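In what follows, a single structure is set out as structure tokens and then discussed.
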Amino acid sequence: MRYILIALLVALFGYSLALVLQNPAELEVNLLFTQVPAMRLGLLLLLTLALGVVVGLLLGVQVFRVFQTNWEIKRLRKDIDHLRKEQIQLAQQAAAEAAASVRHEKTVLDVYPNDKI
């Protein structure tokens, strides 16, 4: 993986260098807040490409974070629903066991009505 990354960086550097060298024309650039009197066209292309990559990565990270948060919320809601159903089942089992216990005690008391504790 490291070698692939190094190869990509070398290729990107070579492309950038070729872009600057193949576009030697100088032109005036207005950057909204300032004006550059002379800038090479290749360098301008390189700067706009880098700025686009950085902005794209930042927006991509934000969008992915939103999707990841939504996926986590959906997963947690499913977990909550599952736990609620499980809790209801356990409560129903406990109620059934309590009702059976009460019936058993009542039956035992009915068989021996003279025995008092």
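All values derive from a computational prediction rather than experimental measurement.
Residue pairs meeting the salt bridge (Lys or Arg N to Asp or Glu O under 4.0 Å) criterion with at least one partner in residues 25-40, sequence neighbours excluded, are absent.
Interatomic distance, Leu49 CG to Leu12 CG, rounded to the nearest 0.5 Å: 7.5 Å. Between the CG atom of Leu46 and the OG1 atom of Thr48 there is a distance of 8.0 Å, given to the nearest 0.5 Å. Within the model, atoms CH2 of Trp71 and CG of Leu76 stand 14.5 Å from one another, a figure rounded to the nearest 0.5 Å.
Remark: Val29 engages Leu27, Leu31, Val36, Met39, Leu44 in a side-chain contact (heavy atoms from CB on, under 4.5 Å) (not counting sequence neighbours). For Gln62, the side chain to side chain donor-acceptor pair (under 3.5 Å) partners are Arg65, not counting sequence neighbours. With sequence neighbours excluded, the residues satisfying side-chain contact (heavy atoms from CB on, under 4.5 Å) with Leu57 are Val53. Every residue two or more places apart in sequence or in another chain that forms a side-chain contact (heavy atoms from CB on, under 4.5 Å) with Val55 is listed here: Leu51, Leu59. For Arg75, the salt bridge (Lys or Arg N to Asp or Glu O under 4.0 Å) partners two or more places apart in sequence, or in a different chain, are Glu72, Asp79. Considering only residues two or more places apart in sequence or on other chains, Tyr3 meets the side-chain contact (heavy atoms from CB on, under 4.5 Å) condition with none of them.
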Under 3.5 Å, which donor-acceptor pairs link side chains of residues 83-94 to any protein atom two or more places apart or in another chain?
none

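Grouped by direct or indirect side-chain proximity (heavy atoms under 4.5 Å, Ile/Leu/Val/Met/Phe/Trp/Tyr only), Leu8 sits with Ile4. If you chain together ILVMFWY residues whose side-chain heavy atoms come under 4.5 Å of each other, Val54 ends up grouped with Leu58. Hydrophobic cluster membership of Val61, counting Ile, Leu, Val, Met, Phe, Trp and Tyr whose side-chain heavy atoms lie under 4.5 Å apart directly or via other members: none, as it forms a cluster of its own. When hydrophobic side chains of Ile, Leu, Val, Met, Phe, Trp and Tyr are connected at separations under 4.5 Å, Leu5 ends up clustered with Leu9.
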